[in-house]
Amino acid sequence: RLLGNVDYGTDLDLEQLQEHYDAVIFSTGASSDRPLNIPGIDLDGSFGAADFVSWYDGHPDVPREWPLTARKVAVLGAGNVALDVARMLAKPADEQLTTEIPQNVYDGLKANQATEVHVFARRGPAQLKFSPMEFRELSHSPSIDVIVHEEGFEIDEAGQAAINASKSTKLVVNTLLKYLENEPSGAPHQIHLHLCEAPVEILGEDGRVVGLRTEHQEFNGDATTHGTGEFRDWDVQAVYRAVGYYSSPLRDLPFDDAAGVVPNEAGRVTDVSGEAMPATYVTGWIKRGPVGLIGHTKSDASETIACLLEDLDSLPTPSGGDPDALLRHLLDSGDEITLWDHWERLDAHEIALGESAGRERRTRQRIDTRSGGRGREPTTEQHTAIQVRRAPRLSGHLGRPHIAARRCKVAPQAACCSEGGSMLGTLGAPAPQRLGIRRGGLPGGKMPHPADRVPLERIKSHVVVI
């Protein structure tokens, strides 16, 4: 059962969930930008990458338009989000029609004025956190030249050790060397990569961004750096900070403000005294912080589920006997709930929109998928955190789960969607393919350890993932 358009903390709280479910698993991801406390960060033209990603992903809670008037843009960060932002700003809109971008995003990118995108990394080649394939494909567009600047191209002893120890790091550095050797082709758009440059101030005039000041860094010999006192001002009209995501606190749960996670031991939520909270679990970025991709999330979810399975015999029995009582409560409260068949209708509608334009699908941000719908509209990207209630007796895997989703403001491909899909895969749930999971388990029909080896008679009847 899919319950969309449900806001945890407003429509439901932990006590209500525990009345009806044996266990609650929070997989809410990270939806905000980690702060960067430098002068000028609040100027017009200074943006967080999370908001920009939400815009081009068609998230319903962000404005339909985005200011793309800057010709020279700075991107701060050395991870995949920084790479994504740089590519979206440099790649022509027509080349992105192979993706699912909504019409308003295409129109916005079509009017984009950016011709130079400058990516600034605080450290050197061995510390870049790009995915090798994504970094290599950055130059596949004939409209983009990737230019790596020699200044800051430093590999210290610790960096060399990191290259020797990691195939992924070695591939990224090899790609970097190829970009360094290439001569610019004269493409209309350029992505510049600057290493060992730390942002210290965003420069402004009349309240708007007019430049970026960086300080050159030197290595200390242990992969850390220090400022040299050598500053440089860069002519840019917009700055995007991609220095990490940050999770939001959840009602009724403890929260570590410094780390941006819910305190836990292997997925079991722990209270302020360090004791495990009964039948309450976390997985994904809300559990470990915003690090890693789908593969990391799968193993992370498996660890949480292993703890849940260890705890099965000691889980408290829910006081609510009627499994549909919670749904009736939501409906009686006037909430417009998006059900599974509504999602399927929206899925079919997006595919039809794409077919008419010669594309696989086209994302719709707002559409009423119910007959005679009223109140809050179900939207494409509100299915971003997953709630699972397992049927106790069904042949095959763990049984066909009943699925529900809470609405949360997140970058859909970087945080909740991928994590929700992975959690469903761990439980053997029938998640939609756009969440990265096929019906009956993980891609390819594989069932992950340890859930595939648990006798069905040992499975409690209800588990919820938020």
Side-chain angles (χ1 to χ4, degrees), residues 1-3 6 8-9 11-29 250-254 261-271 275-284 286-288 297-298 300-327 329-330 385-394 397-406 416 419-431 447-466:
R1 176 179 293 168
L2 173 67
L3 302 182
V6 178
Y8 173 79
D11 302 323
L12 292 171
D13 58 27
L14 183 59
E15 182 179 0
Q16 288 174 301
L17 290 169
Q18 290 181 333
E19 288 178 4
H20 300 280
Y21 296 91
D22 295 277
V24 182
I25 305 174
F26 289 88
S27 181
T28 49
L250 294 166
R251 180 177 173 179
D252 303 322
L253 295 185
V261 299
V262 170
N264 69 93
E265 289 290 339
R268 296 182 179 96
V269 176
T270 55
D271 59 22
E275 296 295 321
M277 294 177 61
T280 309
Y281 305 84
V282 286
T283 190
I286 191 67
K287 169 186 173 182
R288 71 178 188 277
T297 302
K298 289 178 181 177
D300 185 62
S302 293
E303 180 185 55
T304 296
I305 294 304
C307 291
L308 171 62
L309 297 177
E310 288 177 9
D311 299 342
L312 281 180
D313 294 334
S314 61
L315 294 179
T317 301
S319 58
D322 184 356
D324 291 327
L326 200 60
L327 175 58
H329 163 75
L330 292 170
I386 306 301
Q387 189 178 55
V388 175
R389 182 170 71 80
R390 286 175 300 187
R393 294 178 63 85
L394 254 173
H397 305 304
L398 293 182
R400 180 181 177 87
H402 297 199
I403 304 170
R406 79 177 266 282
C416 284
E419 291 174 17
S422 182
M423 172 57 71
L424 287 172
T426 302
L427 291 172
M447 288 299 298
H449 172 79
D452 56 334
R453 297 209 296 263
V454 177
L456 288 179
E457 60 269 18
R458 290 199 59 222
I459 301 297
K460 295 280 185 175
S461 59
H462 301 85
V463 175
V464 186
V465 183
I466 300 297

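Please read all numbers here as calculations on a predicted model, not as lab measurements.
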Heavy-atom closest contact (Ala279 atom, Pro316 atom, distance): CB-CD, 4.1 Å

Close side-chain approach of Ser27 to Ile286, heavy-atom, < 4.5 Å: no

Heavy-atom side-chain contact between Phe26 and Leu253 under 4.5 Å: yes

Residue pair Leu3 / Leu326, side-chain heavy-atom distance below 4.5 Å: no

Validation row: Pro254, Val269 side chains within 4.5 angstrom (heavy atoms): yes

Validation row: Glu19, Ser319 side chains within 4.5 angstrom (heavy atoms): yes

Steps toward side-chain contact (heavy atoms from CB on, under 4.5 Å) verdict (Leu315, Leu308): CA-CA 9 Å; Leu315 294 179; Leu308 171 62; 4.0 Å; yes

Side chain to side chain, Arg288 and Thr297, heavy atoms closer than 4.5 Å: yes

Spacing of OG1 belonging to Thr283 relative to NZ belonging to Lys298, to within rounding of 0.5 Å: 13.0 Å

Val282 side chain reached by Thr28 side chain, heavy atoms, under 4.5 Å: no

Heavy atoms of other groups near Glu265 CD, more than 12 under 6.0 Å: no

SB check Glu310 Arg268 (cutoff 4.0 Å): yes

Heavy-atom donor-acceptor pair, Asn264 side chain to Lys287 backbone, under 3.5 Å: yes

Any donor-acceptor pair under 3.5 Å from Asp311 side chain to Ser314 backbone: no

Atom pair OH (Tyr281) and CD (Glu303), whose distance is rounded to the nearest 0.5 Å: 12.5 Å

Side chain proximity check, Gln18 to Val24, heavy atoms < 4.5 angstrom: yes

Spacing of Asp252 atom CG and Tyr8 atom OH [to the nearest 0.5 Å]: 4.5 Å

Whether Thr280 side chain and Pro278 backbone form a donor-acceptor pair below 3.5 Å: yes

Nearest non-hydrogen partners of Gln16 and His20, listed with the distance: O-CD2, 3.1 Å

